[in-house]
S.K.: 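Before anything else, here's the structure in question.
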Number of protein chains: 2
Amino acid sequence: MADRYEAIAEQFRVHGYKLTQPRRAIVQTLLGAAKPLSPAEIQQRGQKLYHELGLVTVYRTLELMELLGTVRAVHLADGCHGFAIASPGHTHHVVCERCHCVVEIAGCDLGDFLDTVAERTGYAITGHWLEVSGLCAACQAQDAAEHTHDDSIDATAR
Amino acid sequence: MADRYEAIAEQFRVHGYKLTQPRRAIVQTLLGAAKPLSPAEIQQRGQKLYHELGLVTVYRTLELMELLGTVRAVHLADGCHGFAIASPGHTHHVVCERCHCVVEIAGCDLGDFLDTVAERTGYAITGHWLEVSGLCAACQAQDAAEHTHDDSIDATAR
DNA sequence: CGGATAAATGAAAAGGTTTTTCAATAAGGG
DNA sequence: CCCTTATTGAAAAACCTTTTCATTTATCCG
Ligand SMILES: [Mn+2]
Ligand SMILES: [Mn+2]
Ligand SMILES: [Zn+2]
Ligand SMILES: [Zn+2]
């Protein structure tokens, strides 16, 4: 965690941006979150680390971090998006439909598929945006437990 | 085009929704668009077909069409999204970075990749959201032409 | 075909979110 | 430490989306 924080802090410094108290609070908040957060959520949580944190600064910092590639907007099933820490390089996020907890994956191999797309459309493919949704291990376990429960009820009903 | 219109109209009817003049204008507008449109753009263009078209109705119709699977929100590179007609079934959109013109592709074969993701994350994968970006044939041609032009200028400069 | 009926509509208002402006503050270099 | 300039938060403005409600319109029936 300290590593990830340092890597992000370094990105600010390397590009000549100051590492202010509000920015540190925002980075730490994002690093401590299991799910993508909205700007308002980031402010609320961030104020526990830096009491004066303003919403405007959250917007500005997210914009900057997106530019630096240290944060990414993640689309949620319910439509709008939240922001999650992004590792350097090309990665994707896998989001749990139920609890929204998010995991990042590196190394996507869509090459063959994108070649087909290029052939079929005539477009010169330059990039892609992919998000995967599913049920995290914890939510699967919870489902399984409830199912067992349901079954016993069903048995009674039958 | 008439086919696609009829298919969409049928979706309204089949699900018990009325095929009103505003809705027809919105569908025709989307069918006639080369790129994903924002609600405001849909209203503007749609008013050429049905002068009284209100923005609220655009929002409501998009919501309904999304439910019926006949329209989909497409993420644009500049952040926010527009809406484009979607064919039945699971498809994806390929968007031109330059002119935003959009093409729909069916049949994605991410199966192997998603299996890997499931293994690595422990998530039970239930879906994915994929958008591909690139340069459409027209914009590629334009680029090529400009390059030729640039070269002649460079030659002069040298 | 009208007429009845419930769905659908547009205008206005409300509710949110994001951006801009600007005086005050704080980070980092010297 | 002080200076300089980037950064900040509050307030206001600008946007975008949703809700409310009286009126209109599509569709079903007789
Ligand atoms: Mn990828
Ligand atoms: Mn797919
Ligand atoms: Zn979960
Ligand atoms: Zn193009």
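Numbers restart at 1 for each chain; the letters A, B, ... are given by sequence-line order, proteins then strands. Being a predicted model, the structure only gives us computed values, none of them experimental.
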S.K.: Round to the nearest Å and state the distance from A/F12 atom CZ to D/dA6 atom P.
M.R.: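 Value for this atom pair: 16 Å.
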S.K.: Rounded to whole angstroms, how far apart are CD1 on A/I42 and P on D/dG9?
M.R.: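 It works out to 14 Å between those atoms.
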S.K.: Does some side-chain heavy atom of A/V95 sit less than 4.5 Å from a side-chain heavy atom of A/K35?
M.R.: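 Side-chain contact under 4.5 Å: no.
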S.K.: To the nearest Å, give me how far apart CG (B/L62) and P (D/dT18) are.
M.R.: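 Atom-to-atom, B/L62 to D/dT18, this comes out as 10 Å.
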S.K.: Is there a side-chain contact between B/K48 and B/T29 in this structure, where contact means two heavy atoms from C-beta onward sitting under 4.5 Å apart?
M.R.: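 No - every pair of side-chain heavy atoms lies 4.5 Å or more apart.
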S.K.: NE2 of B/H15 versus P of D/dA26: gap in Å, rounded?
M.R.: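 Distance check: B/H15 NE2 to D/dA26 P gives 22 Å.
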S.K.: Can you list the steps and then say if A/T91 with A/R72 is a side chain to side chain donor-acceptor pair (under 3.5 Å)?
M.R.: CA-CA 10 Å; A/T91 67; A/R72 189 174 310 141; 3.1 Å; yes
S.K.: Are B/L53 and B/Y50 side-chain neighbours, meaning at least one heavy-atom pair lies under 4.5 Å?
M.R.: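 A side-chain contact under 4.5 Å exists here.
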S.K.: In B/S/- notation, 5' to 3', how is nucleotides 3-14 of chain C contacted by protein heavy atoms closer than 4.0 Å?
M.R.: ---BBSBBBB--
S.K.: Rounded off to whole Å, could you give me the CZ-to-P distance for the A/R13 and D/dT7 pair?
M.R.: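 These atoms are roughly 14 Å apart.
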S.K.: Could you tell me how far apart A/Q44 (CD) and C/dG16 (P) are, to the nearest whole angstrom?
M.R.: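 My rounded result for the distance is 13 Å.
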S.K.: Within this structure, what is the NE2-to-C1' distance between A/H51 and D/dT8, rounded to whole angstrom?
M.R.: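 Taking atom C1' of D/dT8 as the reference, NE2 of A/H51 is at 16 Å.
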S.K.: I'd like to know whether CD of A/E63 has more than 12 heavy-atom contacts from other residues, nucleotides or ligands below 6.0 angstrom.
M.R.: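 At most 12 heavy atoms, drawn from other residues, nucleotides or ligands, come within 6.0 Å of this atom.
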S.K.: Between A/H128 and A/H90 (judged by ring centroids, cut-off 6.0 Å), do the two rings come close enough to count as a pair?
M.R.: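 Centroid separation for A/H128 and A/H90: below 6.0 Å.
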